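What follows is a set of notes on a single structure, which appears directly below.
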Amino acid sequence: MASPKRFIAGAVCPRCAEMDKIVMYSNDDGQFRECVACGYHDKQGEAEVAELDTRVNQRSNRDDHTVKQVVFFKAGQED
């Protein structure tokens, strides 16, 4: 089933670099984007994007949750 074409706020066309000219729509063949200024169009989701390597997803969690030192604070005496 086809969906209505909707403008994507802030989207920039990869061909003509015009902002706010990209519309998104879907039909039985998939999800598409199209530029109303230059006619550029492509299908979304064709390439699978791998997760970026970051310090969070690359480190081992062996020592992350262990307590190294406990510090106790004493309340001061009131005068």
Side-chain angles (χ1 to χ4, degrees):
M1 176 176 203
S3 68
K5 291 184 177 182
R6 298 177 184 200
F7 280 94
I8 307 301
V12 177
C13 176
R15 182 186 292 165
C16 68
E18 288 285 328
M19 184 181 281
D20 295 334
K21 302 291 184 188
I22 299 287
V23 293
M24 296 280 302
Y25 63 95
S26 63
N27 58 25
D28 295 334
D29 295 330
Q31 190 172 21
F32 298 90
R33 67 179 175 172
E34 180 179 340
C35 179
V36 296
C38 71
Y40 172 82
H41 65 279
D42 69 343
K43 184 175 181 181
Q44 294 292 296
E46 290 179 341
E48 187 172 321
V49 179
E51 183 179 6
L52 295 175
D53 293 336
T54 64
R55 64 179 174 82
V56 175
N57 66 6
Q58 295 300 313
R59 69 178 182 194
S60 64
N61 288 328
R62 288 182 302 210
D63 294 332
D64 288 349
H65 304 292
T66 58
V67 177
K68 301 294 183 188
Q69 180 181 6
V70 177
V71 177
F72 295 99
F73 292 96
K74 229 177 174 179
Q77 294 178 349
E78 292 187 23
D79 292 329

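These figures come from a predicted structure and were not determined experimentally.
A side chain to side chain contact (heavy atoms under 4.5 Å, CB included) with Tyr25 holds for exactly one of Gln31, Arg33, Lys5; it is Lys5.
Summarising the geometry of Val23 relative to Val36, their closest heavy-atom pair is CG1-CG1, 4.1 Å, with the distance given to 0.1 Å. In terms of heavy atoms, Asp29 sits closest to Lys43 at O-NZ, 2.8 Å.
Side-chain contact between Cys16 and Tyr40 is absent, with no heavy-atom pair separated by less than 4.5 Å.
Checking side-chain atoms of Lys21 against main-chain N and O of Cys38 turns up no donor-acceptor pair under 3.5 Å. The backbone N or O of Gly10 sits less than 3.5 Å from a side-chain atom of Asp20, completing a donor-acceptor pair.
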